[in-house]
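Chain A is the first sequence line, chain B the second, and so forth, proteins listed ahead of strands; every chain is numbered from 1. Both backbone and side-chain heavy atoms feed into the values below; hydrogens, waters and symmetry mates do not.
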Number of protein chains: 4
Amino acid sequence: MGRKRAFTEEELLDKAEMLIIQHGYSGFHLKLLASHLPGARSTIYQYYANKEEIAAACMKKAMVRALIKAGYVDETDPIEALKQLLRVYMEEADLHYFLGDARKIDVSQSKKAEQNVGEVLAMLKHLRGQLDLLFDRAQKQGTIRSDLPISVMAGLFFQLINTPNTLQLPPHEWADYLFTLWYEGSGAY
Amino acid sequence: MGRKRAFTEEELLDKAEMLIIQHGYSGFHLKLLASHLPGARSTIYQYYANKEEIAAACMKKAMVRALIKAGYVDETDPIEALKQLLRVYMEEADLHYFLGDARKIDVSQSKKAEQNVGEVLAMLKHLRGQLDLLFDRAQKQGTIRSDLPISVMAGLFFQLINTPNTLQLPPHEWADYLFTLWYEGSGAY
Amino acid sequence: MGRKRAFTEEELLDKAEMLIIQHGYSGFHLKLLASHLPGARSTIYQYYANKEEIAAACMKKAMVRALIKAGYVDETDPIEALKQLLRVYMEEADLHYFLGDARKIDVSQSKKAEQNVGEVLAMLKHLRGQLDLLFDRAQKQGTIRSDLPISVMAGLFFQLINTPNTLQLPPHEWADYLFTLWYEGSGAY
Amino acid sequence: MGRKRAFTEEELLDKAEMLIIQHGYSGFHLKLLASHLPGARSTIYQYYANKEEIAAACMKKAMVRALIKAGYVDETDPIEALKQLLRVYMEEADLHYFLGDARKIDVSQSKKAEQNVGEVLAMLKHLRGQLDLLFDRAQKQGTIRSDLPISVMAGLFFQLINTPNTLQLPPHEWADYLFTLWYEGSGAY
DNA sequence: TATGAATGAGTATTCATTCAT
DNA sequence: TATGAATGAATACTCATTCAT
């Protein structure tokens, strides 16, 4: 009953994600979003009460996607697990753009936005925890070096995710190259 | 003659840089800038004709600063030179935030902005060229591995600059840690 | 320094008061207000951050005006004082329109509005307190009847203020007529 | 035939009346109305073509209700009749809120609204006429004073209706208290 | 008939930029 | 030159009303 929908919520969030990544959170306007969707700007308000809710929902969706994938990773061997996780994260590379922006969302006007942002940050913490555990286990196992602080290695590991894929390789291949470099180093001995 | 200066151009650009880094280019407003300067918002227009010119001038200034420092690096030994360059870049870590934003500046309204942005991109290319040369020499010299594409190693090297200094170490020390990791890898053999 | 003001804050609040009385609080728009002032709608925001602040400032101003006048009333003889107070209130008859609306103001977005509304309600309480005291004294003195609850007499007294001046008499004269009626009744014996 | 009614016209008008009284005419929205009814906002348009018609119908209904009750009042004794009328009006106290708002309805878009508003104003005039007649008879009879203009007494009489029932007494009792005061005055002699 | 959805016109608010002192 | 003030264009959001199922 009622008219046919001009676009699904799914489409809305996908476009929004794309635009936030392209323009940053503060460069993200509903006018812009509307221009990438069929239908009128005001139609968007049928789904979300304000800009903040859209951004928050967007981030939550991306985060959940990543979390689910990360859940499938077999953690028996920590090094292998890290390698798999890197692949997952690189497929969801946008996440990193979001993370910084999540805290920029003005959450004071909308309960829903507040909750979603909260959940995003919680999930983020969870992911970091998973990584920390793997690093810890790897170090105890003797498969990563112990002469440097874990946080330096973890920090660099996180940076891998953002490394622009200049060669335009398929994400998996690119991820594996970077992992090799991170693990073995760029030096020749 | 006339009133005393409310603030110098120097101060203006410094604050602008800080704010662009903090809020991203699209989150950067003249109202915000004025609130971080003594004097009135309209006074800013005594120095620059519009927002875009400010951003462009800002970036150019940071770029020149980096270029000068990079010029002092002794390039005799490519590996040592890379290490030194990393230090330089990390002192100017903000540069990276700028790089993405440089292309976001709407350059169509202002000749000056257009020119500055052009120069910034040229200098950036120059820096990349310097790096590429060093990588090339290092590879020929046999001090970095040859089994992986240079661009992967260079890409990762560039990412080092952005790695958040989670331990709050002095930049030099942090830079050296990262360089070691990049060169030797995180793995233990 | 700077341009000449298009209108004073005084003028702004006066027009706003007039319009709120005419259209009620929810019928009060900044577009409407701007159309009754020289200059552009956006200029209003130089003085007040939002609609709510304007309404709140408006009410406070009217309230203070009334309070000052009420302060001059000689309270030696309670009946005479009530008569004088009625004159004051009728000159400020708009107050009553405001009182209901004060609670409608959405105070959650603006500290200033919240404070002003708070002060308005406090001043209102003060005025009611002054009246209650006078009624009490009059009753003890035996000048108003004791066989009916004070609150009925006070309630009716308050209603006098809103009685439309259908004969278009000068406010003082009108007030005195009504006071006579309130005190002596409409009946003939 | 078709779906079962989501709500009756009766319910619609009752809710509308409540909301107009609560929020004033300009604060009355169809969105608000819909949220107080089962069924969808658009269903309202099955009954009325626009907001103005609803408000007008609402007022007419309340007016007719009052008129019918007023018709039952025995007018033999004018004073007694006034007392009865006050009871009637106080049961329909909302009327007064409407009266001011009736003129605010934008009647230019809807014939029906225009007609209803016209009828409301006519009925109002009729009621005033009824009152005026009673006042006149009472004065001639010598039961209300002649030293003050009728319109002042009538004006105050009308105000009685709006007097907030601060003691929360049953309407009849409250009405009688007020009538006594209006007739005998608040003074003690 | 009831309704979910679409929409356009209206209001609130912000901000870069221009004016006039 | 510095600046307080003015302003218009842009965006956020709301709501009455219309459509299509």
Starting at atom [atom1] of [X], determine the distance to atom [atom2] of [N], rounded to an integer number of angstrom.
X       : N      : atom1 : atom2 : value
D/His23 : F/dC15 : NE2   : C1'   : 15 Å
C/Arg5  : E/dT21 : CZ    : C1'   : 14 Å
B/Glu9  : F/dA2  : CD    : C1'   : 16 Å
A/Leu33 : F/dA12 : CG    : C1'   : 13 Å
D/Tyr48 : F/dA16 : OH    : P     : 17 Å
D/Phe7  : E/dA2  : CZ    : C1'   : 9 Å
B/Leu37 : F/dT3  : CG    : C1'   : 14 Å
D/Glu53 : F/dA16 : CD    : P     : 15 Å

- Backbone of B/Tyr25 reached by a side-chain donor or acceptor of B/Asp101 within 3.5 Å: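 It does hold such a pair.
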Heavy-atom donor-acceptor pair, D/Ser26 side chain to C/His23 backbone, under 3.5 Å:
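Answer holds: yes.
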Check each of B/Glu53, B/Gln115, B/Glu52 against B/Ser110 using the side-chain hydrogen bond (donor to acceptor under 3.5 Å, both in side chains) test, and report the only one that passes.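 Among B/Glu53, B/Gln115, B/Glu52, the one meeting side-chain hydrogen bond (donor to acceptor under 3.5 Å, both in side chains) with B/Ser110 is B/Glu53.
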| message | Under a 4.0 Å threshold between the charged nitrogen and the carboxylate oxygen, would C/Arg65 count as salt-bridged to C/Glu17? | response |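 Judged by the 4.0 Å cut-off on N to carboxylate O distance, C/Glu17 and C/Arg65 do form a salt bridge.
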I need the single residue from B/Glu10, B/Glu92, B/Glu119 that forms a salt bridge (charged side-chain N to carboxylate O under 4.0 Å, His left out) with B/Lys61. Which is it?
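That would be B/Glu10; it is the only one of B/Glu10, B/Glu92, B/Glu119 passing the salt bridge (charged side-chain N to carboxylate O under 4.0 Å, His left out) with B/Lys61.
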side-chain contact (heavy atoms from CB on, under 4.5 Å) partner of A/Tyr47, the single match among A/Leu12, A/Leu13, A/Ile54: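 So, applying the side-chain contact (heavy atoms from CB on, under 4.5 Å) to A/Tyr47 and each of A/Leu12, A/Leu13, A/Ile54, only A/Leu12 qualifies.
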request  = With salt bridge (charged side-chain N to carboxylate O under 4.0 Å, His left out) as the test, would you mind laying out the steps for D/Asp106 and D/Lys51 before giving the verdict?
outcome  = CA-CA 10 Å; D/Asp106 173 13; D/Lys51 196 174 126 172; over 6 Å; no
Practice problem: Would you kindly say whether A/Tyr48 and A/Glu9 are connected by a side-chain donor-acceptor distance under 3.5 Å? | Solution: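 Their side chains do contain a donor-acceptor pair, which is all the 3.5 Å distance test asks for.
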Open item on the list: Tell me every residue that passes ring-ring contact (aromatic ring centres under 6.0 Å, His included) with D/Tyr45, counting only those two or more places apart in sequence or in another chain.
Closed with: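 In terms of ring-ring contact (aromatic ring centres under 6.0 Å, His included), with neighbours along the sequence ignored, D/Tyr45 is linked to no residue.
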Counting primed atoms, P, OP1 and OP2 as sugar-phosphate and everything else as base, the B/S/- map of nucleotides 7-13 of chain E against protein heavy atoms under 4.0 Å is BB--SBB
- [ ] For DNA chain E, list all stems, counting runs of three or more consecutive pairs where every pair is Watson-Crick or G-U wobble with both distances under 3.5 Å.
- [x]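 As far as DNA chain E goes, consecutive pairing (with distances under 3.5 Å) yields the stems E:2-21 with F:2-21.
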